[in-house]
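Worksheet: the structure to be examined is printed underneath.
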2 protein chains.
Amino acid sequence: MARAATTSDVFNAIAEPQRRRILVLLRAGERPVTEVAQELGLPQPGASKHLRVLREVGLVRDRRAGKQRLYGLDARGLRPVHEWTGGFEQFWNESFDRLDAYVRELEQARQEEQP
Amino acid sequence: MARAATTSDVFNAIAEPQRRRILVLLRAGERPVTEVAQELGLPQPGASKHLRVLREVGLVRDRRAGKQRLYGLDARGLRPVHEWTGGFEQFWNESFDRLDAYVRELEQARQEEQP
DNA sequence: TTGACGTATGCCGATATCGGCATATGATTG
DNA sequence: CAATCATATGCCGATATCGGCATACGTCAA
């Protein structure tokens, strides 16, 4: 192993809790950094930085509105994530069965230990 | 800001490309570390470490099988991610509209600049 | 222009991360 | 028990990350 991917990809962008909160907040509509920071209880520079990351991966767009800069959601980038996880949907339920099978195997193995 | 969440949560676990590859591979069935490493072209220690992370967040289970230790998928943990992203589904399409609106705004603003 | 507001950036410290390598630990078989 | 195969760990280096703080930059209004 020798260092690999980091930020600048959607999976990483949403790995950060604060950024997830920001995205959720922006579902309610565009907002200037200040408001984001305030509503989430974040320092302004922090909010700014997170928004930068989100912008770089394309999850957020910004537009000037006079003195302010409004940030708005662009959720299209989340679709791949949704689809990727969706690829495991059939396993969510199956997992239980597998777990059962596994447990049953254990039981059996234990019984065979002391015949 | 002062340090926050890291690994040990599903979002972070799947932020790593290699780990995503491992999960996909395990959809095809249980495998010992060696096979995972081999099929993905990873060094064994590397594979072991990634599997450890995946195990810690519960995306993977392991069971002994004689000399080997078989790793199997437990996709249940991916469900929250799927659902979280699903919460933005309605915005995937809407985003286009917003983009259009945004572009239109720009046009208008530009025209107002040179009347 | 000067000021005032809104926002981004730079630098720092603390801490994780991932990969590579060597090696320890575990289990099985002879 | 020794040898062997399977797997996990430890340690390292390079690099990111996130947060905090101060401060630069940008834009508008008087």
Side-chain angles (χ1 to χ4, degrees), chain A residues 1-23 25-26 30-57 60-72 106 109 112-113, chain B residues 1-23 25-26 30-57 60-72 106 109 112-113:
Chain A
M1 298 194 188
R3 195 88 276 251
T6 50
T7 189
S8 277
D9 101 273
V10 176
F11 278 92
N12 250 291
I14 66 172
E16 227 290 326
Q18 306 289 19
R19 286 196 285 262
R20 259 174 280 152
R21 293 179 67 210
I22 292 179
L23 290 176
L25 175 63
L26 289 183
E30 295 179 316
R31 268 167 184 65
V33 181
T34 313
E35 243 174 86
V36 172
Q38 196 179 325
E39 300 198 40
L40 297 184
L42 266 52
Q44 176 267 316
S48 244
K49 285 173 186 170
H50 283 308
L51 281 166
R52 184 164 156 67
V53 174
L54 291 172
R55 199 197 335 159
E56 284 173 350
V57 302
V60 139
R61 280 192 320 268
D62 65 306
R63 76 173 228 260
R64 300 215 92 79
K67 211 184 283 191
Q68 298 185 317
R69 181 182 289 263
L70 295 180
Y71 283 91
L106 283 185
E112 287 171 357
E113 270 170 17
Chain B
M1 297 195 189
R3 195 89 275 253
T6 51
T7 189
S8 276
D9 102 271
V10 175
F11 278 92
N12 250 290
I14 65 172
E16 226 291 326
Q18 306 289 20
R19 285 195 286 261
R20 258 175 281 154
R21 293 179 67 211
I22 292 179
L23 291 176
L25 175 63
L26 290 183
E30 296 179 315
R31 269 168 183 65
V33 181
T34 312
E35 243 174 86
V36 172
Q38 196 179 326
E39 299 198 41
L40 298 183
L42 265 52
Q44 175 268 316
S48 243
K49 284 172 186 170
H50 282 309
L51 281 166
R52 183 163 157 66
V53 174
L54 291 172
R55 199 195 336 157
E56 284 173 350
V57 302
V60 139
R61 278 192 321 268
D62 65 306
R63 76 173 229 259
R64 300 215 94 79
K67 210 185 283 191
Q68 297 185 318
R69 182 182 288 263
L70 294 181
Y71 282 91
L106 283 185
E112 287 172 356
E113 271 170 17

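The sequence lines fix the lettering, A, B, ..., with proteins before strands; numbering per chain opens at 1. Note that these values count all heavy atoms, side chains included, but never hydrogens, waters or copies made by symmetry.
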Any side-chain N or O of [X] less than 4.0 Å from the OP1 or OP2 oxygen of [N]?
{"X": "B:Arg52", "N": "D:dA8", "answer": "no"}
{"X": "B:Tyr71", "N": "D:dA6", "answer": "no"}
{"X": "B:Arg69", "N": "C:dG26", "answer": "no"}

With a 4.5 Å limit on heavy-atom distance, are the side chains of B:Leu23 and B:Val60 in contact? yes
Under a 4.5 Å cut-off applied to non-hydrogen side-chain atoms, are B:Val33 and B:Gln44 in contact? yes
For B:Gln38, check side chain to side chain donor-acceptor pair (under 3.5 Å) against everything at least two apart and list the hits. none
Between [N] atom [atom2] and [X] atom [atom1], what is the distance in whole Å?
{"X": "A:Glu35", "N": "C:dC5", "atom1": "CD", "atom2": "P", "answer": "17 Å"}
{"X": "A:His50", "N": "C:dT9", "atom1": "NE2", "atom2": "P", "answer": "15 Å"}
{"X": "A:Asp62", "N": "C:dT7", "atom1": "CG", "atom2": "P", "answer": "11 Å"}
{"X": "A:Glu16", "N": "C:dA16", "atom1": "CD", "atom2": "P", "answer": "14 Å"}
{"X": "B:Leu54", "N": "D:dA8", "atom1": "CG", "atom2": "C1'", "answer": "15 Å"}
{"X": "B:Arg19", "N": "C:dC18", "atom1": "CZ", "atom2": "C1'", "answer": "9 Å"}
{"X": "A:Glu56", "N": "C:dT9", "atom1": "CD", "atom2": "C1'", "answer": "13 Å"}
{"X": "B:Asn12", "N": "C:dC18", "atom1": "CG", "atom2": "C1'", "answer": "13 Å"}

Report, as a single string ordered 5' to 3', how protein heavy atoms within less than 4.0 Å touch nucleotides 21-30 of chain D: B base, S sugar-phosphate only, - not at all. BB----BS--
Given D:dT9, D:dT7, C:dT7, which nucleotide is nearest the side-chain atoms of B:Pro32? D:dT7
Closest to the A:Ser48 side chain, choosing from C:dC18, C:dT7, D:dA6: C:dT7
For residues 36-45 of chain A, which residue pairs pass the salt bridge (Lys or Arg N to Asp or Glu O under 4.0 Å) check, not counting sequence neighbours? A:Arg31-A:Glu39
Passing candidate, side-chain contact (heavy atoms from CB on, under 4.5 Å) with A:His50, options A:Arg20, A:Arg21, A:Glu16: A:Glu16
Quick check: closest heavy atoms across A:Asp9 and B:Ala15, and the distance to 0.1 Å? OD1-O, 4.5 Å
Nearest atoms (heavy-atom pairs only) where B:Val10 meets B:Val57: CG2-O, 4.0 Å
